[in-house]
Novice: 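Just passing along the structure, written as structure tokens.
Any value given below was found using the heavy atoms of this structure, including those in side chains, with hydrogens, waters and symmetry copies removed.
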Amino acid sequence: MLPEEIVKVVADTVSGIRAKGYVQAISTHHRIQASPGLHDAVMYLKEEINGLPGVEVKLHEYPADGKTTIGTWEAVHGWEAKTGKLTLIEPEETLLADYTAEPISLIAHSTSADMEAEVVYVGKGMGPEDYEGKDVKGKIVLTEGLARMVHRVACVKMGAAGLLTFVPPSDRDEIADLRRYDAIWPAGNEKDSTRFGFSLTQADGLKLKGLLEDGKTVKVKAKVDAALTVGKIEVLSAVIPGEDKTKEFWLAAHVCHYKPGANDNASGSGAIMEALRVISQLISEGKIPKPSYSIRFIWMPEWSGTIYFIDNEKAALKSCIGMLNMDMVGADPAKAGCTLHLFRTPFSLSTTLNNVVRYWGVTEAQRKDDRREGGTMTPLPFKYDRYSAGSDHFMLTDSTVGIPAVMLNQSGDRFYHTSTDTIDKIDTRQMAYASRIATLTSLSMVLPKHVYEETIMTLARNEYIELMQSVSTQGVTELSRCLGDPEKIYPRVLRWLGLAHDLGQATLDKAAEEWTLIAEQEAIRNALKTSLQMAYTTEMVIARKAYEGACAEVGLEAMQEDDIVLDPKSFGIEIKRIYDHALSPSFLVLKLGEKALKYEEMWKKDPHSGDRLDEVLNMSKDWTSLDQIWDMLCFQFGNIESGVLLGIVKDLAEAGIIESRSV
């Protein structure tokens with residue numbers, strides 16, 4: 001994709017040891033959004049950048065006032081914490097949490113308190129059944145639920161003085177001293193009703209629960225010195241300017257979260273810092289060409305910084321040709337039990353950026369390890385995966401913005417959002433791998449005179465042939481094994497083959513916009529489009545033969561193609577989104593009210609439920625048939641029952657997030 005001399009000098013210059021050093025420095029700060037700890041981490045990065053040649057750095061500041069709104073997003077509150085201590089005083093005395101020793105033990109956004117109170121166990125802490133027969137007013141609730149959900153019920157509505165959270169056993173991979181990262185995330189109008197909370201170790205949480213179940217009185221003493229403030233959202237931006245400053249590629253990582261938060265997300269922040277160092281150094285030494293387009297490196301508080309940046313820095317957003325979001329990329333896969341995933345753009349947004357990043361993910365995972373920097377000796381696992389909306393990139397892929405953005409993420413990290421996400425889990429070889437992907441992707445996007453567009457377009461064609469073959473394989477399997485009504489399976493297979501084919505053609509058309517093609521390359525693009533059409537025809541023939549065989553097996557007469565109804569049963573509904581920008585999860589929870597628990601359970605059971613919701617909004621920028629949306633959701637993320645989707649649409653309409661009309 002790039003000349004070998006560029007790839008080699010990048011591989012020789014990237015240092016996993018140096019990248020891990022950045023991670024270690026960042027992870028020493030307690031980086032809660034709009035807090036002094038996050039400011040210190042940003043200042044560390046800014047100081048590191050100041051020593052690099054040819055880099056323009058700027059600190060962007062926006063209000064963290066709990067009032068400013070952009071679309072469905074409300075600015076977070078600033079937060080400052082000095083001390084926080086929780087002591088069990090009855091039936092025995094022992095220290096349960098100390099913020100100065102373990103900052104993660106004080107739930108973020110806690111406010112000051114100095115009290116002794118009884119503890120009441122409320123289970124998940126969300127439904128009426130959790131509080132039946134229990135008086136929690138003025139007491140401290142013990143819950144297995146998330147602070148942001150339980151605080152609104154127990155403290156704001158029912159008058160509890162505070163809350164204690166812990167991770168319940170899952171009968172798998174238990175860590176007794178594990179504390180969960182938890183935060184209250186109060187809405188703007190909840191500042192005065194925000195209380196405090198502590199995150200207990202799993203062992204202590206189970207101990208208190210056991211004491212209460214044995215009928216004993218449990219009392220604790222809580223002393224907290226912390227406050228919600230009017231603070232600043234700080235976004236750090238560094239630019240390596242290109243010859244054409246009207247175009248720029250973004251490398252981004254959220255720098256926020258608790259101390260240590262080594263993989264989440266000091267690792268992503270460290271990886272793009274290493275990419276910046278390498279590119280800056282190689283350009284200054286004349287070892288790689290000066291980029292045609294600019295590269296912008298962005299460190300921000302997750303979501304809150306990104307929404308401010310894209311709304312305020314409109315010139316930069318207009319120039320952006322794509323973004324790679326680095327979110328959890330540096331853990332030793334053998335220790336953390338995770339794979340580096342490339343989560344592609346949603347099907348609603350076609351781009352060849354997916355194929356560029358995928359290429360480097362695959363090829364760099366196979367690079368021979370010379371062991372000069374140590375690190376894991378296991379293979380570096382990599383997986384190309386469907387869209388996931390769980391981080392900052394979904395702000396750009398939202399259909400009201402429409403900029404290609406993808407995420408590298410070690411989904412499945414067993415230490416995620418806990419006190420065990422520490423620097424010893426970060427691996428030098430994995431960090432070098434992630435940093436190379438970031439560096440080589442950026443250079444591919446900003447060196448159009450040196451990149452091999454033919455390779456990119458061929459990879460794009462191959463992806464959609466793979467997708468058509470996957471649809472065909474699933475359909476043939478279901479038909480040959482008689483796993484359903486062939487009169488329903490076959491039309492679905494035809495529809496989905498058509499969707500895969502159309503997505504492939506749209507991506508190859510997009511290639512003509514994303515890259516400047518000469519006549520010979522344009523001829524190759526057209527040939528690739530033709531080969532995609534030929535593959536589509538082949539898979540249609542295979543599906544037809546499987547359908548005829550299934551009909552013969554169950555005693556049906558196969559219908560002629562002209563008699564087959566391809567469209568699924570109509571919902572008779574069109575929907576249209578109301579707000580610009582991606583949907584804020586906090587806004588959704590507030591608007592759903594008591595229904596929020598149902599969605600919380602849905603998100604736990606189905607990791608793609610949030611992605612489906614995001615894609616519903618992406619596809620409804622204008623009035624769109626729910627039939628079309630439903631079919632694309634099932635194709636992209638797996639089956640969702642029509643009744644479930646209708647319920648979601650009804651809830652979104654009642655919440656004022658979408659409009660709907662009968663057709």
Side-chain angles (χ1 to χ4, degrees), residues 26 29-46 57-82 107-112 147-148 151-152 156 183-195 225-239 250 252-258 265 269 296-318 320 391-396 398 400-401 579-591:
I26 295 166
H29 302 286
H30 192 47
R31 311 177 307 280
I32 304 302
Q33 300 197 14
S35 74
L38 183 61
H39 172 78
D40 292 343
V42 168
M43 288 301 100
Y44 159 73
L45 286 165
K46 187 171 184 291
V57 62
K58 182 177 180 180
L59 180 64
H60 304 264
E61 297 180 343
Y62 314 104
D65 56 10
K67 298 177 182 178
T68 304
T69 57
I70 302 169
T72 59
W73 297 85
E74 185 178 68
V76 300
H77 295 279
W79 185 60
E80 294 185 16
K82 296 179 180 177
I107 292 176
H109 312 120
S110 290
T111 59
S112 292
R148 62 184 171 86
H151 179 272
R152 190 162 285 125
V156 177
I184 295 172
W185 298 113
N189 61 0
E190 293 176 340
K191 182 177 180 181
D192 294 336
S193 57
T194 301
R195 300 297 179 248
D225 184 0
L228 296 174
T229 65
V230 175
K232 294 178 180 178
I233 291 290
E234 295 176 314
V235 176
L236 185 63
S237 171
V239 176
W250 291 4
H254 72 80
V255 69
C256 61
H257 282 2
Y258 57 97
N265 185 36
S269 297
R296 185 180 295 273
F297 302 77
I298 307 174
W299 294 264
M300 64 286 197
E302 190 171 21
W303 291 347
S304 65
T306 308
I307 190 65
Y308 260 132
F309 189 83
I310 66 174
D311 190 62
N312 284 268
E313 315 307 325
K314 290 184 170 59
L317 183 67
K318 185 178 180 180
C320 181
S391 188
D392 298 273
H393 59 289
F394 96 125
M395 299 275 190
L396 275 72
D398 183 79
T400 62
V401 178
Y579 293 94
D580 284 345
H581 294 298
L583 178 65
S584 162
S586 296
F587 181 89
L588 177 62
V589 168
L590 281 171
K591 290 294 185 180

Novice: State, with a plain yes or no, whether a side-chain heavy atom of His393 is found less than 4.5 Å away from one of Thr306.
Specialist: no

Novice: Applying side-chain contact (heavy atoms from CB on, under 4.5 Å), run through Leu45 and Met43 and close with a yes or a no.
Specialist: CA-CA 5 Å; Leu45 286 165; Met43 288 301 100; over 6 Å; no

Novice: According to the salt bridge (charged side-chain N to carboxylate O under 4.0 Å, His left out) rule, which pairs have a member within residues 62-74, sequence neighbours left out?
Specialist: none

Novice: Are the aromatic rings of Phe309 and Tyr62 close, with centres under 6.0 Å apart?
Specialist: no

Novice: Which heavy atom of Gln33 sits nearest a heavy atom of Cys256, and at what distance?
Specialist: NE2-SG, 3.8 Å

Novice: Would you indicate whether the side-chain heavy atoms of Met395 and Val401 approach each other to under 4.5 Å?
Specialist: no

Novice: Quick check against the 3.5 Å criterion: does Trp79 have a side-chain atom that pairs as donor or acceptor with the backbone of Thr229?
Specialist: no

Novice: Once rounded to the nearest 0.5 Å, what's the spacing between atom CG of Asp398 and atom CZ of Phe394?
Specialist: 8.0 Å

Novice: About how many Å separate CG of Asn312 and CG of Leu317, when rounded to the nearest 0.5 Å?
Specialist: 11.0 Å

Novice: side-chain contact (heavy atoms from CB on, under 4.5 Å), that's the test. Do Tyr44 and Ile26 meet it? Break it down for me.
Specialist: CA-CA 8 Å; Tyr44 159 73; Ile26 295 166; 4.0 Å; yes

Novice: Measuring only between side-chain heavy atoms, which start at C-beta, is Cys320 closer than 4.5 Å to Leu396?
Specialist: yes

Novice: Please confirm whether the ring centroid of His109 lies under 6.0 Å from the ring centroid of Trp185.
Specialist: yes

Novice: Assess the residue pair Asn265 and Val255 against the criterion (side-chain contact (heavy atoms from CB on, under 4.5 Å)); give the C-alpha distance rounded to whole Å, side-chain angles, the decisive distance to 0.1 Å, and a yes or no.
Specialist: CA-CA 6 Å; Asn265 185 36; Val255 69; over 6 Å; no

Novice: Before giving the answer on side-chain contact (heavy atoms from CB on, under 4.5 Å), spell out for His581 and Asp311 the whole-Å C-alpha distance, their side-chain angles and the decisive distance to 0.1 Å.
Specialist: CA-CA 9 Å; His581 294 298; Asp311 190 62; 3.7 Å; yes

Novice: Could you grab the distance from atom CG of Leu228 to atom CD of Glu80, nearest 0.5 Å is fine?
Specialist: 10.5 Å

Novice: Side chain of Asp225, backbone of Lys82: donor and acceptor closer than 3.5 Å?
Specialist: no

Novice: Got a sec, which pairs hit salt bridge (charged side-chain N to carboxylate O under 4.0 Å, His left out) with one end in residues 296-307, sequence neighbours left out?
Specialist: Glu248-Arg296

Novice: Closer than 3.5 angstrom, by distance alone: can the side chain of Thr111 be matched with the main-chain N or O of Ala226 as a donor-acceptor pair?
Specialist: no

Novice: So do Val235 and Tyr308 actually touch side chain to side chain, heavy atoms under 4.5 Å?
Specialist: no

Novice: I'd like to know if the side chain of Trp73 and the backbone of Ala582 have a donor-acceptor N/O pair within less than 3.5 Å.
Specialist: yes

Novice: Looking only at the side chains, is there a donor atom on one of Asp580 and Thr400 sitting less than 3.5 Å from an acceptor on the other?
Specialist: no

Novice: I want to check something: taking the side chain as every heavy atom from C-beta on, are Ile233 and Val76 in contact at a cut-off of under 4.5 Å?
Specialist: yes

Novice: Report yes if some heavy atom in the side chain of Arg148 is under 4.5 Å from a heavy atom in the side chain of Ile184; otherwise report no.
Specialist: no

Novice: Rounded to the nearest 0.5 Å, how far does CD1 of Ile307 lie from CE of Met300?
Specialist: 11.5 Å

Novice: How far apart are the closest heavy atoms of Pro301 and His254, and which atoms are they?
Specialist: C-CB, 4.4 Å

Novice: Looking at every heavy atom in both Thr72 and Ser584, which two are closest together, and how far apart are they?
Specialist: OG1-N, 2.9 Å

Novice: To the nearest 0.5 angstrom, please state how far the OG atom of Ser269 sits from the CD1 atom of Ile298.
Specialist: 12.0 Å

Novice: Just wondering, do Arg31 and Asp40 contact through their side chains at under 4.5 Å, heavy atoms?
Specialist: no

Novice: Do Glu234 and His60 meet the criterion of a side-chain donor-acceptor pair at a distance under 3.5 Å?
Specialist: no

Novice: Any side-chain heavy atom of Ile32 within less than 4.5 Å of one from Leu38?
Specialist: no

Novice: So how far is it from Tyr258 OH to Ile107 CD1, rounded to the nearest 0.5 Å?
Specialist: 14.0 Å

Novice: Taking the six-membered ring where the residue is Trp, are the ring centres of Trp250 and Phe297 under 6.0 Å apart?
Specialist: no

Novice: Answer yes or no: is there a donor N or O on one side and an acceptor on the other, between the side chain of His77 and the main chain of Ala187, under 3.5 Å?
Specialist: yes

Novice: Quick one: does any side-chain atom of Thr68 pair with a main-chain N or O of Ala64 as donor and acceptor, under 3.5 Å?
Specialist: no

